[in-house]
K.L.:
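Structure incoming, see below.
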Protein chains: 2
Amino acid sequence: MTNRIRIERAILNITQADLAERVQVSRQTINAIEAGKYSPTLALGMKIARVFDKPVDEVFQLEEGD
Amino acid sequence: MTNRIRIERAILNITQADLAERVQVSRQTINAIEAGKYSPTLALGMKIARVFDKPVDEVFQLEEGD
DNA sequence: CTAATTTGTAAAAAATACTTGACATATATT
DNA sequence: AATATATGTCAAGTATTTTTTACAAATTAG
């Protein structure tokens, strides 16, 4: 699973902490997801995409073998 | 979180067990997700949407308060 | 350069997702 | 009606995600 969170955050010019607050999770959770350490729940993925006003599939991409 | 899994399954004419096998989870997991009992991981949500050849946001919808 | 902010990381605990096995109910087939 | 197939559900266990606290490293601002 890859994602464009860092890029979308840069576009909005918001920090990991800002994003975390907007989707109601801890900053560490955003950090881990952004770093691809694990797959968030679908609900969280959708909330993140919503902050960026982009479809989920544009923010997150499955990789081979997933 | 609501979803259109039942409808999409009907279109493809496949059972919960079929879908479970195609996305590599147990039948009970598909049953629970279809019934809205919990939010799957994003990876699983994307795999399910991929089976239906639809964007994630068309198969799953966040509800108020999420 | 120094201070402040942001990001990375770690460990333990809590919460949630998923599995397995089993059985009951419902829907379809013959 | 009887049989088979599909769905609903439950409980106990495993796996994964998320929180909290804390600190180190990197980047930005003054």
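Residue numbers start from 1 in every chain, and the chains themselves are labelled A, B, ... in the order their sequence lines are given, proteins ahead of strands.
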K.L.:
May I ask you to decide if B/Thr15's main-chain N or O and B/Asp18's side chain share a donor-acceptor pair within less than 3.5 Å?
P.N.:
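Yes.
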K.L.:
Counting only side-chain N and O atoms of B/Asn31, is one of them less than 4.0 Å from OP1 or OP2 of D/dT7?
P.N.:
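So the side chain of B/Asn31 is outside the cut-off, no N or O lying under 4.0 Å from OP1 or OP2 of D/dT7.
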K.L.:
Of B/Thr41 and B/Arg27, whose nearest nucleotide on DNA chain D comes first from the 5' end?
P.N.:
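Comparing both residues, the 5'-ward one is B/Arg27.
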K.L.:
So, OP1 or OP2 of C/dA17: does either fall under 4.0 Å of a side-chain N or O from B/Lys37?
P.N.:
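For C/dA17, neither OP1 nor OP2 has a side-chain N or O of B/Lys37 closer than 4.0 Å.
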K.L.:
Nearest whole angstrom, please: distance from the P of C/dT27 to the CG of B/Asn13.
P.N.:
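About 17 Å, once rounded to whole Å.
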K.L.:
Whole angstrom is fine here: how far is it from OH in A/Tyr38 over to P in C/dT9?
P.N.:
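The answer, rounded to whole Å, is 13 Å.
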K.L.:
Using whole Å, what does the distance between atom C1' of nucleotide C/dT5 and atom CG of A/Leu19 come to?
P.N.:
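After rounding, the gap between these two atoms is 17 Å.
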K.L.:
To the nearest angstrom, how far is B/Ile5 atom CD1 from D/dG8 atom P?
P.N.:
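Atom-to-atom, B/Ile5 to D/dG8, this comes out as 12 Å.
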K.L.:
Looking only at N and O atoms, is any donor in the side chain of A/Gln24 or the base of D/dT18 less than 3.5 Å from an acceptor on the other one?
P.N.:
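A donor-acceptor contact between them is absent.
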K.L.:
Surrounding CZ of A/Arg50 (heavy atoms of other residues, nucleotides or ligands, distance under 6.0 Å), is the total greater than 12?
P.N.:
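Enclosed: over 12 neighbouring heavy atoms sit under 6.0 Å from CZ of A/Arg50.
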K.L.:
Atom CD of A/Glu21 and atom P of C/dT7: how far apart are they, to the nearest Å?
P.N.:
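The answer, rounded to whole Å, is 14 Å.
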K.L.:
In whole angstrom, what separates B/Gln28's CD from D/dC10's P?
P.N.:
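About 13 Å, once rounded to whole Å.
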K.L.:
Is there side-chain contact between A/Phe52 and A/Arg9, with heavy atoms separated by less than 4.5 Å?
P.N.:
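With C-beta onward as the side chain, the pair touches.
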K.L.:
Under 3.5 Å, side chain of B/Ser39 to main-chain N/O of A/Ala43, donor-acceptor pair present?
P.N.:
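Looks like yes, one N/O pair under 3.5 Å.
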K.L.:
Over all strands shown, is B/Thr15 touching base, sugar-phosphate only, or nothing at heavy-atom distances under 4.0 angstrom?
P.N.:
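Here B/Thr15 touches the backbone only, sparing every base.
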K.L.:
Below 3.5 Å, does any donor atom in the side chain of A/Glu34 face an acceptor in the base of C/dG8, or the other way round?
P.N.:
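Side chain to base: no pair below 3.5 Å.
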K.L.:
Measure from CD1 on A/Ile33 to C1' on C/dT16 and round the result to the nearest Å.
P.N.:
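Going from CD1 in A/Ile33 over to C1' in C/dT16 covers 14 Å.
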K.L.:
Is there a side-chain polar atom (N or O) of B/Arg9 under 4.0 Å from OP1 or OP2 of D/dA6?
P.N.:
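So the side-chain polar atoms of B/Arg9 never come under 4.0 Å of the phosphate oxygens OP1 or OP2 of D/dA6.
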K.L.:
Please determine whether a side-chain nitrogen or oxygen atom of A/Thr29 lies at a distance below 4.0 Å from atom OP1 or OP2 of D/dT18.
P.N.:
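Answer is no, no contact under 4.0 Å.
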K.L.:
From C/dT19, D/dT7, D/dT18, pick the nucleotide closest to the side chain of B/Arg6?
P.N.:
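Ranking C/dT19, D/dT7, D/dT18 by closest atom to the B/Arg6 side chain puts D/dT7 first.
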K.L.:
Please state how far atom CD1 in A/Ile48 lies from atom C1' in D/dT18, giving the value in whole angstrom units.
P.N.:
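Taking CD1 of A/Ile48 and C1' of D/dT18, I get 12 Å after rounding.
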K.L.:
With a 6.0 Å cut-off (strictly less than), is the heavy-atom count around CD of A/Gln61, excluding the residue itself, greater than 12?
P.N.:
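Enclosed: over 12 neighbouring heavy atoms sit under 6.0 Å from CD of A/Gln61.
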